[in-house]
> 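This is the structure, below, for whatever I ask next.
Note on naming: letters A, B, ... go to the chains in the order of the sequence lines (proteins, then strands), and numbering restarts at 1 for each one.
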2 protein chains.
Amino acid sequence: MPTIKDIAKSLGVSVSTVSMALNDSPEIGQKTKAKIREAAKAMNYIKNGTALDLQRKKTNIVLLITDNPTRPYFTDSLQVIQSELLKHNMDLVIIAATNKHTATAERFISENRADAIICMSKFITDEIVNDYASRNMPIIVMGRTPDLITNPFVVNVALDYERVGEDITDYLIQKGHRKIAFVRGSKTSVGSNYRYQGYLRSLKRFHLDLNKTIIFEAGGNGYDHGYDIADKIIGKITDASVDAVFFATDDLAVGGLRKFLEHGIRVPEDVSIVGYNNYPISKMVMPPITTVDLHQQKIMKRIAVTLIDLLEGNKTKAEVLKKLHKGNILYSEIIERGSVINRN
Amino acid sequence: MPTIKDIAKSLGVSVSTVSMALNDSPEIGQKTKAKIREAAKAMNYIKNGTALDLQRKKTNIVLLITDNPTRPYFTDSLQVIQSELLKHNMDLVIIAATNKHTATAERFISENRADAIICMSKFITDEIVNDYASRNMPIIVMGRTPDLITNPFVVNVALDYERVGEDITDYLIQKGHRKIAFVRGSKTSVGSNYRYQGYLRSLKRFHLDLNKTIIFEAGGNGYDHGYDIADKIIGKITDASVDAVFFATDDLAVGGLRKFLEHGIRVPEDVSIVGYNNYPISKMVMPPITTVDLHQQKIMKRIAVTLIDLLEGNKTKAEVLKKLHKGNILYSEIIERGSVINRN
DNA sequence: TTGTAGGCGTTATCAA
DNA sequence: TTGATAACGCCTACAA
């Protein structure tokens, strides 16, 4: 790999001349520039970004850590963030941190390989986040327990976890359902657990007894998990101990629906079902599934803006937080479709 | 940000002592080590990965460039690649290069910010790939035109484009269909275009006339695109000028299916449909959709292994290619499900 | 066991 | 208009 030093040597000029020429500095004469550019091309010179970063003390990189890039909307969220960052000449790079692999993400965090980090993965611990966030590398996390965030350079974006799960349970109850099963998703899914808590609160508020025999663990968030767990729900439907099923995610609901239909169970006549997240697929199946939209896109946009504020350094954390939570965007909305019947 | 130099100064030792201590070198005494570590923690010292890379002349990063991380299987493919790379202490980072944003990916390529690159995005041009691939940074691309790959450090992974689209069209014809509509996806989708070519070849081989009025452009690959374009297909079904529809992707098929069912068109009795890719959703809808599996996972695994070969530098490109194509893995397979009827 | 010095590739400052 | 040199933060011979 040739460096500017090599170019300089081969042309009998100095490195600084080469550097300036390659960066099109006005201080260098046209002929020298041309000569240098030619040599660079001929020698197959490629600039070394690492050296650049070291010199600049800045990477221009915003790191997005996710646990699952396949999630619907992720690409859209990306676009939102990217277009916002682009305005400030920042590049977005993604690292997957899953239950079985967090080392890469942790290396990037602990070696300061970004100017800022958006951490959407629950597999990166609060400890790491607190340990490494700094003025030079603020970290934005989502939906963590506020008490555990002690580092002032960590900004926690509160999600609508207070109401999450309650809204849609209320809705089912108001539509006359009294025997609402709940299907939990992946054990490690924060969202799924919060929804379960909301479900419990809603039951309590309406003075409905919790029936533990109609709480199910799917062990994952995918179609297959919903499909498989539905086997255990079918009996409960046919003997009338379940009149509605609240699946923790739309994907689970899609899988469950499929199994129900296979067994001749009519949705919503025999059983109402709801999902969560308003994934695109939820309106494509028959019947389309009633679900909850969390308005992720809007959250993402706001996160990007927050990040910029942080980076430009013209805001204190308090101000940033205030702006972040201003406006009524962190709410969820029930999307009514055909998978719920009115039993009143 | 404190550096080892600061630590050294504050403790009155030399930088190399600090460096070695922090890296747990056996040459440093226990008490000095302890003292230094303590100081590092106290000063909130964070290692600078950029400086490290520069020194090592190596980033340990493999860059994966994708056009759409939301695609099903992507996360799984990631796991496959990651676990393979992990064995060699390489980290995988992802950058999205879409039709509206390639700058980030291009910067990473042109500034040599990775030890190797896997480029799955068609938005990165052959020119860039040819310009920047080198011994220090080989690039693996997928499904490009071999003639246009001139740089010996670019490895093109041929996909099964020869047969793609032909297999499933043959299948429909053998099942007695004669009026097969084709729904193209996103204009820029390489896969979609190849499948269309395969469809044409198959028709020709069976001496069936091409009916241009039953070729449709969905303008995208998502559920919605399939749902919308289906409007135009319905008339053709009811007046019996279409007896089967070949959707370029499963997602299109899912959307189309939905629209057909809404309009009382029975699948497969009134019209057979097939998709492509064997996405998980294709077997979750009713009826489940007959499709083609491209065995992406296996391809990914092989790509990862190829990459390692390349990086370890103990193989020539010819050897690598030979090994890459050995074994019969780059084939596609028809997955028969309920969306096709036998009309013979 | 610890310190000195040089180098990784680039840019920036200052001098020529 | 160009050149010499220091600096960015780290590691590694080699010397002490």
Side-chain angles (χ1 to χ4, degrees), chain A residues 1-37 39-40 43-61 107-108 110-115 132 134 136-137, chain B residues 1-37 39-40 43-61 107-108 110-115 132 134 136-137:
Chain A
M1 281 279 96
T3 69
I4 50 172
K5 210 178 274 178
D6 298 318
I7 300 181
K9 201 176 300 170
S10 89
L11 255 45
V13 298
S14 83
V15 283
S16 53
T17 306
V18 175
S19 173
M20 294 172 102
L22 257 20
N23 289 317
D24 205 17
S25 157
E27 330 212 346
I28 301 290
Q30 286 307 327
K31 52 250 157 103
T32 358
K33 254 185 211 174
K35 191 176 63 179
I36 291 176
R37 287 206 188 117
M43 299 174 70
N44 251 311
Y45 167 75
I46 295 179
K47 188 188 280 240
N48 181 322
T50 305
L52 245 175
D53 287 349
L54 180 60
Q55 210 285 136
R56 288 214 240 278
K57 304 190 73 169
K58 205 164 173 306
T59 60
N60 275 352
I61 292 174
R107 183 165 83 93
F108 267 68
S110 69
E111 292 177 357
N112 221 259
R113 296 181 112 89
D115 291 348
Y132 291 105
S134 71
N136 309 291
M137 190 180 72
Chain B
M1 283 280 97
T3 69
I4 51 172
K5 208 180 278 179
D6 298 319
I7 299 181
K9 200 178 300 171
S10 89
L11 256 45
V13 298
S14 83
V15 283
S16 57
T17 307
V18 176
S19 172
M20 294 172 103
L22 256 22
N23 290 317
D24 206 18
S25 156
E27 329 213 348
I28 303 290
Q30 284 310 325
K31 51 256 160 94
T32 355
K33 255 187 210 173
K35 191 176 63 175
I36 290 176
R37 286 205 189 120
M43 300 175 69
N44 251 309
Y45 166 75
I46 295 179
K47 189 189 282 239
N48 181 322
T50 304
L52 246 175
D53 287 348
L54 181 58
Q55 208 284 134
R56 288 212 243 275
K57 305 190 70 171
K58 205 162 173 309
T59 60
N60 274 352
I61 291 174
R107 183 164 84 92
F108 267 67
S110 69
E111 292 178 356
N112 221 259
R113 295 182 113 89
D115 290 349
Y132 291 105
S134 71
N136 309 291
M137 189 181 72

> Within this structure, what is the CG-to-P distance between B:N60 and C:dC8, rounded to whole angstrom?
19 Å

> Flag the pair B:R37 / B:D24 as yes when at least one side-chain heavy-atom distance between them is below 4.5 Å, and no otherwise.
yes

> Measure from CD1 on A:I46 to P on C:dT10 and round the result to the nearest Å.
11 Å

> Out of D:dG9, C:dT10, C:dT2, which nucleotide sits closest to the side chain of A:N48?
C:dT10

> What nucleic acid atoms does A:T3 come within less than 4.0 Å of, heavy atoms only: base, sugar-phosphate, or nothing?
sugar-phosphate

> List the atom of A:I28, the atom of A:A21, and the distance in Å for their closest heavy-atom pair.
CG1-N, 4.0 Å

> Within the 4.5 Å heavy-atom criterion, are A:Q55 and B:L54 side-chain neighbours or not?
no

> When you measure from the side chain of B:Y45, which nucleotide among D:dC10, D:dG9, C:dT10 comes out closest?
D:dC10

> Please give me every residue in residues 4-17 of chain B whose heavy atoms get under 4.0 Å of an atom in DNA chain C, ordered by residue number.
B:G12, B:V13, B:S14, B:S16, B:T17

> If you define the side chain from C-beta out and look only at heavy atoms, does anything of B:M137 sit under 4.5 Å from A:I46?
no

> Just how far, in rounded Å, is P of D:dC11 from CG of B:D53?
11 Å

> Atom CE of A:M1 and atom P of C:dG7: how far apart are they, to the nearest Å?
21 Å

> Where each residue is assigned the nucleotide of DNA chain C containing its nearest heavy atom, which of B:P26 and B:Q55 is assigned the position nearer the 5′ end?
B:P26

> Of the options B:N60, B:I61, B:N136, which is the one that meets B:D115 in a side-chain contact (heavy atoms from CB on, under 4.5 Å)?
B:N60

> Take the protein atom CD of B:Q30 and the nucleotide atom P of C:dT2, then report the distance between them rounded to whole Å.
10 Å

> Taking CG from B:N136 and P from C:dG9, how many angstroms apart are they, rounded to a whole number?
10 Å

> Can you check the A:R56 CZ to D:dA6 P distance for me, whole Å?
23 Å

> Nearest 0.5 Å please: distance from the OG atom of B:S134 over to the CG atom of A:N44.
8.5 Å

> As an exercise, state the distance from NZ of A:K57 to CG of A:N112, rounded to the nearest 0.5 Å.
10.5 Å

> When you check the phosphate oxygens OP1 and OP2 of D:dC11, does a side-chain N or O of B:N23 lie under 4.0 Å from one of them?
yes

> I'd like to know if the side chain of B:D53 and the backbone of B:T50 have a donor-acceptor N/O pair within less than 3.5 Å.
no

> Would you say that A:D6 contacts A:S10 through its side chain, given a criterion of any heavy-atom pair below 4.5 Å between the two side chains?
no

> Identify all pairs in which a protein N or O lies below 3.5 Å from an N or O of nucleotides 14-16 of chain D, and state each distance.
none

> Answer yes or no: does a side-chain N or O of B:T32 lie under 4.0 Å from OP1 or OP2 of C:dT1?
no

> Of the candidate nucleotides D:dT12, C:dC8, C:dT10, which contains the atom at the shortest distance from the side chain of B:L54?
C:dC8

> Within the structure, does a side-chain N or O atom of B:K47 lie under 4.0 Å from either OP1 or OP2 of D:dC11?
yes

> Does A:L11 reach the side chain of A:I36, with side-chain heavy atoms less than 4.5 Å apart?
yes

> Please give, in whole Å, the distance from D:dC11 C1' to B:L52 CG?
8 Å

